[in-house]
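Worksheet for the structure shown next.
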Amino acid sequence: QVRLVESGGGLVQTGGSLRLSCAASGGTFSSLAMGWFRQAPGKEREFVAAIRWIRSGTYVADYADSVKARFTIASDNTKNTLYLQMNSLKPEDTAVYYCAASGAYSGTRNANRYEYWGQGTQVTVSS
């Protein structure tokens, strides 16, 4: 059983930055496909970013167009932690952000393929 716990959300002004963390326990971290999703009130959960492992300890990143060039996903295998560095935040980034993991897929944008989810962390960007 894999458990994911997000942290780092909060309230920031437009143009500010936040760094989200997702601590994973259980399973083998380096074998998990991991990504970030977000859900705003009245909207469906949407893909934000994901990592695709190409070899042990090496991955490539995939980003939604809405966050490309502003967000950076990173994985620290020594700490079993996934990060999402969010820069140049906009009010439209306001949402609950969820960390997700899958033992069967890698780099997918499909939320249905992730079987492990954290409880989410609230990110609010004021205008």
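Residue numbers run from 1 in the order of the sequence given. What's counted below: heavy atoms across the whole structure, side chains too, no hydrogens, waters or symmetry copies. Here the structure is a predicted model, which is why all the values come from computation and not from measurement.
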What is the distance from atom [atom1] of [X] to atom [atom2] of [Y], rounded to the nearest 0.5 Å?
X     : Y      : atom1 : atom2 : result
Asp93 : Leu18  : CG    : CG    : 10.0 Å
Tyr83 : Arg19  : OH    : CZ    : 5.0 Å
Glu6  : Gln119 : CD    : CD    : 7.5 Å
Lys43 : Arg38  : NZ    : CZ    : 7.0 Å
Met34 : Asn80  : CE    : CG    : 9.0 Å
Cys22 : Tyr98  : SG    : OH    : 13.0 Å

> Of Lys68, Arg109, Arg52, which meets side chain to side chain donor-acceptor pair (under 3.5 Å) against Asp62?
Replying inline: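 Going through the options one by one, the only one that passes is Arg109.
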
Where do [X] and [Y] come nearest, in terms of heavy atoms and distance?
X      : Y     : result
Ser127 : Thr14 : CA-OG1, 3.5 Å
Ala61  : Ile73 : CB-CG2, 3.6 Å
Trp53  : Leu32 : NE1-O, 2.7 Å
Val12  : Ser17 : CG1-O, 4.0 Å

>> Between Ile51 and Tyr63, is there shared hydrophobic-cluster membership here, with clusters defined by ILVMFWY side-chain heavy atoms closer than 4.5 Å?
In response: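 Shared cluster, yes.
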
> With the 4.5 Å side-chain cut-off for hydrophobic clustering, are Tyr116 and Phe47 part of the same group?
Replying inline: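 Per the 4.5 Å side-chain linkage, Tyr116 and Phe47 are not co-clustered.
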
> With a 4.5 Å limit on heavy-atom distance, are the side chains of Leu82 and Cys99 in contact?
Replying inline: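 Answer yes - side chains close enough.
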
> Would you say Gln85 and Leu20 make side-chain contact, with heavy atoms under 4.5 Å?
Replying inline: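 Not touching, per the 4.5 Å side-chain cut-off.
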
Whether [X] side chain and [Y] backbone form a donor-acceptor pair below 3.5 Å:
X      : Y      : answer
Gln1   : Gly26  : no
Ser102 : Tyr114 : no
Thr94  : Val125 : yes
Arg45  : Gln39  : no
Thr81  : Lys79  : yes

> Parallel, tilted or perpendicular: which fits the ring planes of Phe71 and Tyr97, with parallel below 30° and perpendicular above 60°?
Replying inline: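 Phe71 vs Tyr97 ring planes: tilted.
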
> After noting the C-alpha distance and the side-chain angles of Val123 and Met86, does the key distance pass the side-chain contact (heavy atoms from CB on, under 4.5 Å) rule?
Replying inline: CA-CA 10 Å; Val123 171; Met86 306 185 294; 3.8 Å; yes

> Quick check, are the ring centers of Trp117 and Phe37 under 6.0 angstrom apart?
Replying inline: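 Trp117 vs Phe37: aromatic centres under 6.0 Å.
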
> So, Asn110 and Thr108: side-chain donor and acceptor under 3.5 Å apart, yes or no?
Replying inline: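 Thr108 and Asn110 do not have a side-chain donor-acceptor pair below 3.5 Å.
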
